[in-house]
Amino acid sequence: MKTIWKNNIKSFNKLNKNIKCDTLIIGGGIAGLWCAYNLSKQGQKVCILEANKVGSGVTSGSTAILNYAQLIIYDTLIKKHGEKVAKRYLDDTINAINQIKNVTESENIDCNLNKTDFVLFTTKTCGATKLKKEKIALEKLGVETKFVELEELPYKIKKALSIKGSYLLDPLLLLNGLTNYVISKGGEIYENTMVTSQPDGKVIEVDGYKVEAKNFIIATHYPYINFPGFYFLKLYQSQNYIIVFKPNEKQKNFAANTTYECIDKNSFEYRRIGKNILCLGPDVRTGTKPYISKYQIIRDHLNEYFEGYEEIFRFSAQDCITADGLPYAGLYSDFLDNVYVLTGFNKWGITNSFITAEVICNKILNKSNKKQENIYAPDRNNFFASIIKTIENLGVDIAGWSNNLLNVDSKKITRIKNNQGAVVKINGMRVGVYRNENGKLHIIRGTCTHLGCALRWNKDENSFDCPCHGSRFDINGNILNNPAIKKAEKIKT
Ligand code: FES
């Protein structure tokens, strides 16, 4: 994955022998590494199996903020789960921020951790009402906030709420520090080793080798085991498009010490990274609205309000979203012994990966806090807190499956220009077609290898994306994002 972060992480071999450890962690992103760090610190021997390179997945696309004011979350959590749960999540998040700071200090991890002021703002009257409610919710939970006047934004706003205690960091430098720690404690890491099977008792077969472990942690961003667990009914993926830009001379100090997040639908956020600014555009469910360029939406916004800016870099990031606003951490399923999962970070991956790793590691080390465990348990009863989202997710799944049968795209291969792609039907078969800069066609099967939904062309990223649970494939069928664990079949031209 393309990344703006500094990647010093060393390379590791592919699994080439049988191995044995206390805990096997599947997935070498920030969530897996927090688990590995915690368990190594307590004397466990850990092994990590990563399908690609450590940190090459979602972590490298992180926009890396540590903060507890996560848009309009506490008012929503209080309504959905009650004040106690909202307070617990707030306390856990504040604790995560402090602990991450402590770890970077105690382990000498230089990851450009910098304090930032944090402002939530709105340009709409209904947004002002929401901000007032969030302020009340935060104060009910013991956090002081204040409304502020914002003059520095290049457009008019209705209301802005300032909240203290946020930080920005470089996620790959953090990951590098955690990786070094784990290796120094005897941990083993294997890259280019994709796990596709499920643990059977205390053993899992990977590429013909046996891995024996007392515990297994699935930290693969989106859990790859469908049955049991049924995570495909509990999670969807959302994609954020980001442009890194250098502001013009007049705006060079914009966002220098403050991070701005707009709470309105289809709005923009600004975070500083050195001399440049990250502008996050509106997020969308992965695989939807295929005909609108999300990067162009951001460019239009920057042209209007940051005239004379220079585009430095662009990338997209993918997040797993739970139906009830809280991440999942705990036993994968009652039907799988000693298998744990952490997922559903709802766009707050740096803090939520820390919280959920702690929950799982405490469980493995028999130090569990029952109350905390129940809040994040993947099998928690959240039916009423999430019924609308669950129905929505099911609706997308049904539409995704039926599109294979009903959606006849009239676009013909001959009309696809160079550097363009589309999903079309050839002899009744749905295929994804991309014509490269020399006119050569790349054709893959247009059905997702996860659970069979119809893929869609994403012209921003030149990929074929699945709207159901967010798997993504490149033009040759290679997996860019799970839960798919099988490449999309290449069709001979
Ligand atoms: Fe589940 Fe495509 S990601 S069907």
Side-chain angles (χ1 to χ4, degrees), residues 1 26-27 29 51-52 57-58 61 194-198 218-240 283-290 316-323 328 332-333 341 343-346 378 389-407 409 421-425 429-434 444-458 460-491:
M1 188 192 249
I26 302 168
N52 297 303
V58 179
M194 183 182 246
V195 179
T196 55
S197 53
Q198 62 186 59
I218 296 182
T220 51
H221 178 60
Y222 200 116
Y224 69 94
I225 300 171
N226 295 317
F227 312 103
F230 298 93
Y231 287 88
F232 58 90
L233 290 177
K234 301 182 192 177
L235 289 169
Y236 73 92
Q237 297 203 62
S238 169
Q239 205 162 4
N240 224 194
D283 54 343
V284 284
R285 185 175 179 129
T286 304
T288 53
K289 297 184 189 160
S316 68
Q318 187 137 317
D319 292 281
C320 282
I321 311 293
T322 61
Y328 292 127
Y332 196 96
S333 156
V341 67
T343 183
F345 301 149
N346 298 316
K389 270 281 169 231
T390 306
I391 292 172
E392 199 182 303
N393 286 345
L394 252 178
V396 175
D397 286 359
I398 291 165
W401 289 316
S402 356
N403 274 347
N404 282 312
L405 304 170
L406 304 175
N407 188 15
D409 197 320
V423 176
V424 299
K425 281 204 168 179
M429 186 205 282
R430 196 177 167 94
V431 291
V433 182
Y434 173 74
I444 63 166
R445 200 173 273 270
T447 304
C448 181
T449 60
H450 176 228
L451 288 172
C453 286
L455 296 176
R456 283 179 171 157
W457 171 243
N458 177 345
D460 279 314
E461 297 292 11
N462 281 0
S463 62
F464 293 96
D465 301 354
C466 181
C468 289
H469 319 107
S471 291
R472 297 180 54 234
F473 303 86
D474 73 10
I475 54 167
N476 295 313
N478 298 311
I479 298 165
L480 296 173
N481 277 104
N482 65 350
I485 48 174
K486 198 172 153 220
K487 283 171 75 168
E489 185 194 345
K490 243 182 144 175
I491 309 282

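Counting starts at 1 for both ligands and their atoms, following the listed order.
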> For C468, what residues pass the disulfide (SG to SG under 2.5 Å) criterion, not counting sequence neighbours?
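Disulfide (SG to SG under 2.5 Å) check on C468 returns C453.
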> Please determine whether a side-chain nitrogen of the Lys or Arg among D465 and R472 lies less than 4.0 Å from a carboxylate oxygen of the Asp or Glu.
yes
> Under 2.8 Å from atom 2 (Fe) of ligand 1, which protein N, O or S atoms do you find? Ignore water molecules.
C448 SG, C466 SG
> Name the orientation class of the two ring planes belonging to H450 and H469 (parallel below 30°, tilted from 30 to 60°, perpendicular beyond 60°).
perpendicular
> Is the side chain of T322 donor-acceptor paired with the backbone N or O of L235 at a distance under 3.5 Å, no angle test?
no
> Between T286 and Q237 (side chain of the first, backbone of the second, donor and acceptor by atom type, cut-off under 3.5 Å), is there such a pair?
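Side chain of T286 to backbone of Q237, a donor-acceptor pair under 3.5 Å: yes, one is there.
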> Parallel, tilted or perpendicular: which fits the ring planes of F232 and F230, with parallel below 30° and perpendicular above 60°?
tilted
